[in-house]
**Student:** 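Handing you a structure now.
Hydrogens, waters and symmetry mates play no part in the numbers below; they use all other heavy atoms, side chains included. Counting starts at 1 for both ligands and their atoms, following the listed order. Each residue takes its place number in the sequence, starting with 1.
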Amino acid sequence: MTFQEEIKRRRTFAIISHPDAGKTTLTEKLLLFGGAIHVAGAVKSNKIKKTATSDWMEIEKQRGISVATSVMGFEYKQYKINILDTPGHQDFAEDTFRTLTAVDSVIIVIDAAKGVETQTRKLMQVCRMRKTPVMVFINKMDREGKDPFDLLDEVEAELGIRVRPLSWPINMGQKFKGVYNLYKSTLDLYTPNKQVVTESIQFTDINNPELETLVGEADAQKLREDVDLIQGVYAPFDVQPYLQGDLAPVFFGSALNTFGVKELLECFVEIAPYPRPVETVERTVDPMEENFTGFVFKIHANMDPNHRSCIAFVKVCSGKFERNVYYKHVRNGKMMRFSAPTAFMAQKKETVDEAYAGDIVGLPDTGNFKIGDTLTAGEELHFKGLPSFSPEMFKYIENADPMKQKQLDKGIHQLMDEGVAQLFVNQATGRKLIGTVGQLQFEVIQYRLLHEYQAQCRWEPISLYKACWIESDDEQELETFKKRKAQYMAYDKDGRDVFLADSGYVLQMAQNDFKHIKFHFTSEF
Ligand code: G4P
């Protein structure tokens, strides 16, 4: 196989959903199709069990286990599929945001009874920002849910993307009979079965009276009406708008019953993009370039306090990565080689000799890497597109053990490099603030500072609404603003100006009063 063919057969994506919509179940079923596992129930859910939501030690343990399932690679037909797992707990949403920067497309799972939920809405914002191609799987059709047409309208309105159904359910819940595949004109009849993969019936002409025999008169009639309506309302499916992130094909099924999953997978491998060109500060990098480039999108710390080792997850953006070859770590200018890079096949982590654009390699690390670092064959490049998002919770971090100031500083910086949370420094007072997306991170930070750095911290409350990165072409207005809001100005980790708004009202007033200043909720704009 040529180098280009290797890259073209790669499909790197993430499955995202609101907790409980069926992400773990769908992932498992896809692995089952790929032959990567043989029985259902084999994938360890990295979902935090409901009973353990307050027990963050348990959560960290589960996160530790989830290294193995961080990336699940498998072969399906001629394709190499890489599924990037994302944490189920919303307090780790920042991890999920970053994972989305390393994928070439996304499958969104929606619970047919619940429709679009908050977490899905937030994650979709990131996809929209990056123009990531998105497919939707409406799950749990074996239960009573919302009307399929209403669900399509809801997805369009709530997720801000045009939709096009490519399969259509015949009834739902107790009366669920199957799905008609509009993309391939096949009919799949439903028999609840958690293990067996169903075979489709070719059904090119939906007016064939055979349909009555298979699903009964009323449902046959309803299906024909629905399909007529779909064809009237929606334009024929076109792959281009999908690839541009403007149109989401929609499939219906039941992941638990392995139903409708094959239709999704078959269409996915055919139309989902292979690695896409990636922007750097200097130029656009094409995946087909022979020279290796990649960036670190995730760092997984070892939970063993005696070995402060991590795994840095690198997305290969172009060319071929090889074991024991020297690459340039652009931020610190060092040449580095890796003797034990790991790849992830099914449930196993194994040392690999090479990886191609689209693949993820895990590099054992002892503190050389930060989130966003670039590796190249020698070129001076800096990948873009790993923005920080405004945290939702803030606390002052104070030293609780004056003898350990150095350890505390080091610990804070390393944890921030790992992407556990964000550090802001108040410009007027020099006080350090930590911003997170959930309460759990504060506990994680305190625990890890103590156990890995022997440093003790104390949290002091502060009530803030949002952190906004600010910019303006009007230097004078910017200076006036910074002076007036001096108490609320902070630096982010890169020394950039951030305005800490203490309420939505204050932010709105600031936006009204300073018309030439742009307030951004992400660090990249
Ligand atoms: P998540 O990763 O998105 O959080 O969801 P997960 O796959 O763990 O699924 C959440 C629950 O929904 C699970 O039940 C799962 O069995 C169920 N489920 C997934 N797909 C379907 C489906 O197509 N139909 C029906 N009826 N249920 C589905 P649970 O009771 O919370 O967990 P478990 O004990 O069954 O694992």
**Student:** Parallel, tilted or perpendicular for Phe297 and Phe295, by the 30°/60° rule?
**Tutor:**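 Ring orientation of Phe297 relative to Phe295: perpendicular.
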**Student:** Evaluate the ring planes of Phe176 and Phe259, with Trp represented by its six-membered ring, and classify them as parallel (under 30°), tilted (30 to 60°) or perpendicular (over 60°).
**Tutor:**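 Phe176 and Phe259: perpendicular rings.
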**Student:** Can you list the ligand 1 atoms lying under 4.0 Å from a non-hydrogen atom of Pro19?
**Tutor:**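 Atoms satisfying the 4.0 Å criterion: 4 (O).
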**Student:** Should the proximity of Ser17 to ligand 1, defined as any heavy atom under 4.0 Å, be assigned to the side chain, the backbone, both, or neither?
**Tutor:**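 Ser17 to ligand 1: side-chain contact only, backbone stays beyond 4.0 Å.
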**Student:** Which atoms of ligand 1 sit under 4.0 Å from any heavy atom of Ser254?
**Tutor:**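 Contacts of ligand 1 toward Ser254, numbered from 1: 22 (C), 23 (O), 24 (N).
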**Student:** Could you check Phe252, Phe251, Tyr234, Tyr180 and say which one makes a ring-ring contact (aromatic ring centres under 6.0 Å, His included) with Trp168?
**Tutor:**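 Of Phe252, Phe251, Tyr234, Tyr180, ring-ring contact (aromatic ring centres under 6.0 Å, His included) with Trp168 is met by Phe252 alone.
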**Student:** Once you measure the plane-to-plane angle for Phe268 and Phe13, does it fall in the parallel (<30°), tilted (30-60°) or perpendicular (>60°) bin?
**Tutor:**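 Geometry flag for Phe13 against Phe268: tilted rings.
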**Student:** With heavy-atom distances below 4.0 Å as the criterion, list the atoms of ligand 1 near Lys23.
**Tutor:**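 Numbered from 1, ligand 1 contributes 1 (P), 2 (O), 3 (O), 5 (O), 7 (O).
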**Student:** Output the list of atoms in ligand 1 that are nearer than 4.0 Å to some heavy atom of Ala255, sorted by atom number.
**Tutor:**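 The list of qualifying atoms is 23 (O).
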**Student:** Does ligand 1 have a heavy atom under 4.0 Å from the side chain of Asp20, from its backbone, from both, or from neither?
**Tutor:**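 The answer is both, backbone and side chain.
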**Student:** Report the C-alpha distance between Tyr183 and Glu266 in whole Å, list the side-chain angles of each, state the deciding distance to 0.1 Å, and finish with yes or no for side-chain hydrogen bond (donor to acceptor under 3.5 Å, both in side chains).
**Tutor:** CA-CA 10 Å; Tyr183 185 61; Glu266 294 273 321; over 6 Å; no
**Student:** Does Lys262 make a cation-pi contact with Phe33 (under 6.0 Å, within 45 degrees of the axis)?
**Tutor:**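 The answer is no; the distance or angle limit is not met.
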**Student:** Looking at Glu75 and Arg9, is any side-chain nitrogen of the basic one under 4.0 Å from a carboxylate oxygen of the acidic one?
**Tutor:**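 Yes, charged N to carboxylate O under 4.0 Å.
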**Student:** Below 3.5 angstrom, do we get any N/O pair linking Gly22 and ligand 1?
**Tutor:**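 Between Gly22 and ligand 1 (N or O atoms, distance only) the closest approach is under 3.5 Å.
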**Student:** How does Arg143 reach ligand 1, by side chain, by backbone, by both or by neither, if only non-hydrogen atoms under 4.0 Å count?
**Tutor:**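 Side chain only.
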**Student:** Where the closest heavy atom to atom 21 (C) of ligand 1 is concerned, which of Thr27, Asp142, Leu256, Asp111 has it?
**Tutor:**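 Of the listed residues, Leu256 has the closest heavy atom.
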**Student:** Counting heavy atoms only, name the option from Lys140, Met141, His18 that's nearest to atom 17 (C) of ligand 1.
**Tutor:**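 Among Lys140, Met141, His18, the closest heavy atom to atom 17 (C) of ligand 1 comes from Lys140.
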**Student:** Can you tell which of Leu30, Thr12, Leu265 makes a side chain to side chain contact (heavy atoms under 4.5 Å, CB included) with Ile81?
**Tutor:**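 Single pass found, and it is Leu265.
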**Student:** Thr25 heavy atoms, cut-off 4.0 Å: which ligand 1 atoms fall inside?
**Tutor:**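 So the atoms of ligand 1 that pass are 6 (P), 7 (O), 9 (O), 15 (C), 19 (C).
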